[in-house]
Amino acid sequence: MAEPTTPRAPEETPGYDPSSVERKWQDRWADAHANTTDLAEGDKPFYQLMMFPYPSAEGLHIGNLYAFTGNDIHGRFQRQRGHTVFQPIGYDAFGIHSENYALKVGVHPSELIPRNIENFRRQLHRTGLMVDWSKELSTTDRAYYKWTQWIFLQLYHRGLAYKKRAAVNWCPSCKTVLSNEQVVNGECERCGTRVEQRQLEQWFFRITDYAARLLKNLEGLDWSESTRTAQRNWIGASTGARLSFRVTDDGDSADDIVVFTTRPDTVFGATYLVLAPEHPLVDAITRPEQRDSVNAYRARSAKQDLVARKTSREKTGAFTGATAINPATGSPVPIWIADYVLMEYGTGAIMAVPAHDERDFEFATEFKLPIIRVVAGASDGTDTPLDVADATTDGARLVNSGEFDGLTVSDAAPKIVAWLAGRGGAESVTNFRLHDWCISRQRYWGPPIPIIYCDACGTVPVPEKDLPVELPFVENFRPDDSGISPLARHAEWYHVPCPQCGAAARRETDVSDTFLDSAWYFLRYPSADREDVAFDRALTKRWLPVTSYIGGNEHAVLHLLYSRFVTMVLHDAGLVDFEEPFTKFRAHGLIIREGAKMSKSRGNVVNPDQYIDDWGADTVRTYLMFLGPFEEGGDFRDRSISGVRRLLDRVWSSVHDARTMGNGEEPVLRKLHQTIAKVGDDIARLSYNTAIAAVMEYVNVLRAHERVPHRSEVEPLIQLLAPFAPHIAEELWETLGHTRSVFDSGWPVSDAALAAENTIDLAVQVGGKFRGTITVSRDVTKEAALAAALAEPGIARFTTTEPKKVVFVPGRLLNIVM
RNA sequence: GCCCGGGUGGCGAAAUGGUAGACGCGGAGGCCUUAAAAGCCUCUGGCCGUAAGGCCAUGCGGGUUCGAUACCCGCCCCGGGCACCA
């Protein structure tokens, strides 16, 4: 098997020195523009997109490096497979994060951000990413945010951007409005401060108009299941009905109260109504004798912060004194207000069915309201006060529900809605949890919203020819408590002639949400160097939608949902001809350190620069990918990194030692062709850790007992390793005399005939228990295998009687059942 | 409470329903060396046994199957998302 050991002279083999190799190839790639994609050429365009980073002052985080490396491997692999790969990078540099940091260190963001970007660029270069630097962008570039404002105008012109006074989430520390997505457990996701409610005039995008489509399209997307689920939950569709309840009133001013319910079948059990305290009809229906207690309750709940309101499950409320008619029973039911009903969801009003809803039951018990059971399980007909489980059972049937008695829950719902439609009023609807997207930020560091207010003309959009509305330099950009953006203090900028009538007018002083910047950057990349358009039509048609997008799941409901929304709007405007921006998305996992989360306070943050200095970028890249399954993340352990470095050392010496004569040996070549097949399959499905393991196995065979390899055995090895460790691959490729890049050398082809084993070790079981293996030819028949197994004493001793049954799986095993 | 992931040696992990633990780290022993480092070789889940070999073992309890880490039912634990959403 192994040929005689040939001693080698170590002094003749130059050792592997990562830093010089990596510097050499980084310089060469840069000088030759090796990674600049000719976007007009190539017949197999492949757009590999990585989530652009926020350029923090701390520099590249190991999590960024993990994500980028995972993208880069996929991109390089696709290039080797013959695709024209476009892999751009940029910086998500606007936003509160940057601005807060600038305030903290007392440096203006316009000075700070370029500095941070410069540092990121340096770090990205030294990790050896195959990035097309000619299309680099930053959301803070004038040439970029001009088009972010243009996107706003597209939404505005389509009636999808509107302004309203609304209760918004206000962070008293960041002194700005937050979107619902930026509020986590009632706290600001950025600084952790408890969020307050405020009433402000805000710009919103009508993403709710797209809720059904955003939900439906999810089905067809090749995305990580976890991401699709997160979006599905966030959009939160519930099917049900809106039912009208006529308010009984002395006069004729009575309005209908419309409730949303997912259980119209339980309407006969609705014994009272509850409105959210902020519900607009509360004033009109409240009876004079109840006014004081209602107002007191409303004042109390308005003051209560979101956390208290959402964590306390205690049921509180106040009676309005009014009643409404249950359209099913015709009986009057009292109308209450309570903060367990949320104004933001549904119609802000519910019909309470205490017999079959836990919350209603608690409330009814607290305030001694009647409880009528209208659903009974198949097994019982009792009148236990609460049975939530029964109400949702398939076999459950209606009781106390007039002509609908005896119907199952699912049969009754549509029938009752149809019946009520002719009475009080009813319609089937799907209700969404998703809210409109508030994009106004009372801050400085963002693209000004391109709107002008004129006393004569009203709200006037800035004409496209006047874009961008430049963000002026404001020395003191610290926000205050007023809820008005610092831009309002810049008089020269703030006062502007109306574009329509020329009269004195004022600019909108809010800037837009950072998530608007990132909701379209993938469209910009191919056209990043174009001044005249946001995105070139032909380039967009050729390169989009994005072929492969890999990023963190923390953006599952923010960035990824907004990007889909903006793309749909542009599609409807006829500006792009696809409605989903990312054909394939994979969420990668998180890196932890020695079993614990990485954090500054723990002091266990991995500094990429340090590790690259110590081990080389190729080792760090490969190690990160070897830690565990890419889509699950991994545990960064300092001790383990040496194993990957050892691999690169062995590949290095294998190539330098390789003999040029001869064609290689059959067992080695067989392993090689098996490895080629496995590595290709594994990279394609992002199973990087097993791909690297396969390369290691091959090197173990190649170098067993210090064996001297043949050139034909090492050449494809370099190509297999190249996506992971690009610098050493280029260097070794050159060592073998190649003059072109290994990344333009193609991907080796696995020869199935060479990869096939002639003989196999067939597992033999007796009664399902493993009893040994027999070495047989690859295409052994069942009979021959059985005979061979029975001839084996170690196996025959377990086969005491005639076999009852013999299970034979060709190539795998033989199971003799006694 | 609901919805996604997970749970396998000392550790990171691998395994289209078919020999559980590939690969790597760590550990033990050996070769080389004056010595060390590096490199190379062998061993390395647990228990019993001198050995041959046997038994146990993929969070727990059942089930399906010739055969289950994988599929089904019922639980427990960890990570993440949603949550007074009617």
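All heavy atoms count here, side chains included; hydrogens, waters and symmetry mates do not. Naming: A, B, ... by sequence-line order, numbering from 1 per chain.
- When heavy atoms are screened at a 4.0 angstrom cut-off, A/R650 is found touching the sugar-phosphate backbone but no base atom.
- Judged by distance alone, the side chain of A/T266 and the main-chain N or O of A/R263 form a donor-acceptor pair under 3.5 Å.
- Within the 4.0 angstrom heavy-atom criterion, base atoms lie near A/D761.
- Between A/H555 and A/H559, the ring planes are perpendicular. Angles over 60° get that label, and only those under 30° would be called parallel.
- Between A/Y340 and A/F363, the angle of the ring planes lies from 30° to 60°, which puts this pair in the tilted group.
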For A/E225 and A/R232: C-alpha separation, side-chain torsions, deciding distance, then whether salt bridge (Lys or Arg N to Asp or Glu O under 4.0 Å) applies. CA-CA 10 Å; A/E225 188 50 42; A/R232 216 174 281 128; 3.7 Å; yes

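- Within 4.0 Å (heavy atoms only), A/N689 reaches sugar-phosphate atoms of the nucleic acid but no base atom.
- Taking 90° from 0 as the syn/anti boundary, the base of B/G9 is oriented syn.
- A side-chain donor-acceptor contact under 3.5 Å links A/Y297 to the backbone of A/D339.
- Distance, A/D638 CG to B/G12 C1': 13 Å, rounded to whole Å.
- When the C1' atom of B/A15 is taken as reference, atom CZ of A/R812 falls 9 Å away, rounded to whole Å.
- Judged purely by atom type and a 3.5 angstrom limit, A/Q231 uses its side chain to pair as donor or acceptor with the backbone of A/A556.
- Pairing for B/C85 is absent, with no Watson-Crick or G-U wobble pair whose two atom distances lie under 3.5 Å.
- Checking side-chain atoms of A/T271 against main-chain N and O of A/P370 turns up a donor-acceptor pair under 3.5 Å.
- We find that CG of A/N233 is positioned 5 Å from C1' of B/C3, with the value rounded to whole Å.
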Can you give one letter per nucleotide of nucleotides 64-70 of chain B, going 5' to 3': B for a protein heavy atom under 4.0 Å from the base, S for sugar-phosphate only, - for none? --BS---

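- With B/A15, B/C4, B/C84 as the choices, the nucleotide that has an atom nearest any side-chain atom of A/S226 turns out to be B/C4.
- The shortest distance between the side-chain N/O atoms of A/R646 and the OP1/OP2 oxygens of B/G39 is below 4.0 Å.
- A straight line from CG of A/D339 to C1' of B/A86 spans 14 Å, rounded to a whole angstrom.
- When both distances must be under 3.5 Å, the Watson-Crick or G-U wobble mate of B/G5 is B/C78.
- Between B/C85, B/G12, B/G26, one nucleotide has an atom nearer to the side chain of A/R637 than all others, and that is B/G12.
- At the heavy-atom level, A/R228 lies nowhere under 4.0 Å from the strands shown.
- In this entry B/A57 has no Watson-Crick or G-U wobble partner, no candidate having both defining distances under 3.5 Å.
- Across all strands, A/L813 comes closer than 4.0 Å to base atoms (heavy-atom distances).
- Counting heavy atoms from C-beta on, the side chains of A/Y16 and A/D618 come closer than 4.5 Å.
- If you take atom P in B/G9 and the same atom in B/C47, they sit 15 Å apart, rounded to whole Å.
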All N/O donor-acceptor pairs, side-chain side in residues 671-678 of chain A, below 3.5 Å, sequence neighbours left out:
| residue | atom | partner | partner atom | Å |
| --- | --- | --- | --- | --- |
| A/K671 | NZ | A/E697 | OE1 | 3.0 |
| A/H673 | ND1 | A/D751 | N | 2.9 |
| A/Q674 | NE2 | A/A755 | O | 2.9 |
| A/Q674 | NE2 | A/E757 | OE2 | 2.9 |
| A/T675 | OG1 | A/K671 | O | 2.6 |
| A/K678 | NZ | A/D682 | OD2 | 3.0 |

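- Across the strands present, B/U33 finds no partner; the criterion is a Watson-Crick or G-U wobble pair with both atom distances under 3.5 angstrom.
- Nearest-nucleotide assignment on RNA chain B puts the 5′-proximal partner with A/G628, out of A/G628 and A/I692.
- Comparing A/G634 and A/V809 against RNA chain B, the residue whose closest nucleotide sits nearer the 5' end is A/G634.
- With a cut-off of 3.5 Å on both Watson-Crick or G-U wobble distances, the partner of B/C43 is given as B/G27.
- Rounded to an integer number of Å, the gap from CD of A/E706 to P of B/C41 is 7 Å.
- Residue A/I760 contributes atom CD1, which lies 15 Å from atom P of B/G18 at whole-angstrom precision.
- Residue A/Y345 has a polar side-chain atom (N or O) positioned under 4.0 Å from OP1 or OP2 of B/A86.
- Checking B/A20, B/A86, B/A15 against every side-chain atom of A/F770, the shortest atom distance belongs to B/A20.
- Taking every side-chain heavy atom of A/L342 into account, B/A86 is the closest of B/G26, B/U19, B/A86.
- Judged as a ring pair (Phe, Tyr, Trp, His ring centres under 6.0 Å), the pairs with a partner in residues 627-651 of chain A (not counting sequence neighbours) are, in order, A/Y66-A/F630, A/H588-A/F630, A/Y611-A/F636, A/Y623-A/F636, A/F630-A/Y688.
- Note on A/R771: only backbone sugar-phosphate atoms sit closer than 4.0 angstrom, heavy atoms only; bases stay farther off.
- Here, B/C41 and B/C32 have their C1' atoms 11 Å apart, quoted to the whole Å.
- Residue contacts shown for A/T690 are limited to sugar-phosphate atoms, with no base heavy atom under 4.0 Å away.
- Pairing of B/G18, defined by two Watson-Crick or G-U wobble distances under 3.5 Å, is identified with B/C66.
- Comparing the C1' positions of B/G17 and B/G27 gives an interatomic distance of 35 Å, to the nearest angstrom.
- Whole-Å rounding puts the A/M696 CE to B/A14 C1' distance at 13 Å.
- A/R637 contributes atom CZ, which lies 7.5 Å from atom CD1 of A/I592 (distance to the nearest 0.5 angstrom).
- Look at the C1' atom in both B/G24 and B/G61: the space between them is 35 Å, to the nearest Å.
- The side chain of A/S238 approaches B/A86 more closely than any other nucleotide in the set B/A86, B/C84, B/C25.
- Rounded to whole Å, atom C1' of B/C85 lies 13 Å from atom CG of A/D360.
- Closest approach to the A/K315 side chain among B/C25, B/C4, B/C84 is made by B/C84 (side chain taken as heavy atoms from C-beta onward).
- Across all strands shown, A/F432 has no heavy atoms under 4.0 Å from either base or sugar-phosphate atoms.
- Checking the phosphate oxygens (OP1, OP2) of B/C40, no side-chain nitrogen or oxygen of A/R707 falls inside 4.0 Å.
- The same atom, P, is picked in B/A15 and in B/C71; the two are 14 Å apart, to the nearest Å.
- Candidate nucleotides B/C4, B/C25, B/C23 were compared by shortest atom distance to the side chain of A/T229, and B/C4 ranks first.
- Distances shorter than 4.0 Å separate some side-chain N or O of A/N700 from OP1 or OP2 on B/G24.
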